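The structure presented is a predicted model; accordingly, all values stated were derived computationally and were not measured.
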Amino acid sequence: MSTNRIIDVMVTESFPYPVAAAWHRALSRTSDSERLKHGLATFEVLLRTLGAALLLDYLRGVRTPTVDALLKQLDKPSLGHWVGLIRETARALNDRASEEVFFGPAGAWYFTTRGKPTEIANRIDALVTLRNQDVHDTPTSAGPALAGRANQVFSELRAIFESLSWLRGYRLFRIKGLKRRRSRQTQFEGKATFFAGKDSAPIPISTQLGAIGGDLLPDACYMASPTGQQILEVTPFIRVEYDDRLNQERVFLLRQTVKGKHILLVNDDTGVEKKVLV
């Protein structure tokens, strides 16, 4: 199996659903224009997913003026803003004690031991520049130039995905039917739906949660750490909501805030939006 194929399988089978589904859509396109369009769309979904997840981890601890200033700009976030949010939350998490951080690898992923951006961080910046050129500059003509740009986006995304192999250990899930078991020790059980990989409607499975189940809320979304010993609530930035276009429940991801009082979520599969209170 080629390196590209290994990376593609890793993302589509184990990354958080919004990213896995977006990359699956990009891989299924055959024309250069569609590959470029969906490759860049995947990049945006990746940044929004990372930004939302790292922000929620950051909000559990001491806050910094830099990150708080970026939060005020979530009403109209650009890709550059999402990158800034990822950078500054990763920096803040990197300065905390390891036991206080849910996404432990994030700091070393973005910064070197000397506090400088890693090669991957620089490649993310370069991909933002490429995307902005594609949107604002003269459109790339058809033919070799368009194919080359699409191939470049795919290549850069695969390099970023490979550097994020640690992300597949963090599993997005929702619990329904939570109840306490009869036992001497505090134990909970319920039906867990894991949104890891491209499957939009995974089958719920019976799950034993131990005492930690007492801290979970029905219908809220969480991420479990690779060890399963830590759980981070990702609601309201990532939620399962009813998609009116599909007449089914789907995963919705933060797109922006609205006047600091509401959060605008979107199902990137269909473009359906939901506005919810913060």
Side-chain angles (χ1 to χ4, degrees), residues 2-4 6-12 14-16 18-20 22-23 26 39-71 73 77-134 149 151-170 223 225-227 230 232 234 237:
S2 69
T3 300
N4 285 350
I6 291 172
I7 294 171
D8 294 343
V9 170
M10 175 183 71
V11 175
T12 57
S14 60
F15 268 37
V19 180
W23 188 233
L40 292 175
T42 299
F43 182 48
E44 179 191 333
V45 170
L46 174 65
L47 294 183
R48 285 164 45 218
T49 301
L50 286 173
L54 295 182
L55 176 58
L56 287 163
D57 194 5
Y58 158 83
L59 290 173
R60 301 186 308 146
V62 178
R63 297 173 67 155
T64 70
T66 304
V67 176
D68 285 353
L70 288 168
L71 288 177
Q73 302 173 29
S78 64
L79 287 194
H81 178 267
W82 283 114
V83 171
L85 191 61
I86 292 168
R87 179 182 63 247
E88 296 306 326
T89 51
R91 191 195 308 277
L93 294 174
N94 207 29
D95 290 339
R96 295 179 185 173
S98 60
E99 62 272 13
E100 298 175 356
V101 178
F102 184 78
F103 294 104
W109 169 70
Y110 204 92
F111 293 103
T112 68
T113 54
R114 295 185 177 183
K116 301 293 184 181
T118 59
E119 177 189 352
I120 284 298
N122 291 327
R123 294 179 85 156
I124 289 173
D125 288 339
L127 195 49
V128 170
T129 299
L130 188 153
R131 182 265 182 189
N132 289 341
Q133 290 173 345
D134 187 75
R149 178 159 284 195
N151 290 338
Q152 181 183 359
V153 169
F154 270 55
S155 177
E156 293 299 316
L157 278 172
R158 285 185 173 118
I160 295 168
F161 287 145
E162 187 174 26
S163 75
L164 283 167
S165 60
W166 53 267
L167 187 60
R168 60 182 167 174
Y170 293 86
M223 274 194 178
S225 67
T227 63
Q230 289 179 288
L232 175 70
V234 295
F237 293 167

Exam field: side chain S14 to backbone V11, donor-acceptor pair closer than 3.5 Å: no

List the atom of I120, the atom of A159, and the distance in Å for their closest heavy-atom pair. CD1-O, 3.6 Å

Which atom names give the shortest non-hydrogen contact between N122 and P117, and what distance separates them? OD1-CB, 3.9 Å

Which pair of heavy atoms, one from M223 and one from P16, lies closest together, and at what distance? CE-CG, 3.9 Å

In Å and rounded to the nearest 0.5 Å, what is the CD1 to CZ distance from I7 to F15? 9.5 Å

Heavy-atom closest pair (A53 atom, L232 atom, distance to 0.1 Å) is O-CD2, 4.1 Å

Would you sort out whether F103 and L50 count as a side-chain contact (heavy atoms from CB on, under 4.5 Å), showing the intermediate values? CA-CA 10 Å; F103 294 104; L50 286 173; over 6 Å; no

Given L47, which of L85, L79, V19, T42 fulfils the side chain to side chain contact (heavy atoms under 4.5 Å, CB included) condition? L79

So which atom in W82 and which in A52 form the shortest heavy-atom distance, rounded to 0.1 Å? CZ3-N, 4.3 Å

Using side-chain heavy atoms (C-beta onward) and a distance below 4.5 Å, is F43 in contact with L130? no

Looking only at side-chain N and O atoms, does T64 offer a donor or acceptor that is under 3.5 Å from a partner on T66? no

Could you walk me through whether W109 and T118 pass side chain to side chain donor-acceptor pair (under 3.5 Å), step by step? CA-CA 7 Å; W109 169 70; T118 59; 6.0 Å; no

Less than 4.5 Å apart, any side-chain heavy atom of L71 and any of L55? yes

Please check: side-chain N/O of Y170 versus main-chain N/O of F102, any donor-acceptor pairing under 3.5 Å? yes

Looking at CG of L93 and CD of E88, how far apart are the two atoms once the value is rounded to the nearest 0.5 Å? 11.0 Å

In Å and rounded to the nearest 0.5 Å, what is the CD to CG distance from E44 to L127? 12.0 Å

As an exercise, state the distance from OG1 of T129 to CD1 of I124, rounded to the nearest 0.5 Å. 12.0 Å

Set of salt bridge (charged side-chain N to carboxylate O under 4.0 Å, His left out) partners for E162, sequence neighbours left out: none

Could you go step by step and tell me if L46 and L164 meet the side-chain contact (heavy atoms from CB on, under 4.5 Å) rule? CA-CA 11 Å; L46 174 65; L164 283 167; 3.9 Å; yes

Using 0.5 Å steps for rounding, measure from the NE2 atom of H81 to the CD1 atom of I86. 10.5 Å

Measure the shortest side-chain to side-chain distance between Y58 and R96 over non-hydrogen atoms and say whether it is less than 4.5 angstrom. yes

Under the 3.5 angstrom rule, does the side chain of R158 hit a backbone N or O of S155 as a donor-acceptor pair? no

Across all chains, not counting sequence neighbours, the ring-ring contact (aromatic ring centres under 6.0 Å, His included) partners of Y110 are none

Donor-acceptor contact below 3.5 Å, side chain R91 vs main chain F111: no

Just jot down the ring-ring contact (aromatic ring centres under 6.0 Å, His included) partners of F154, sequence neighbours excluded, or say none. W23

Just verifying a value: how many Å separate L40 CG and R149 CZ, rounded to the nearest 0.5 Å? 8.5 Å

Nearest heavy-atom neighbours spanning A90 and A106: CB-O, 4.1 Å

Would you check if the side chain of R60 reaches a backbone N or O of E100 as a donor-acceptor pair within less than 3.5 Å? yes

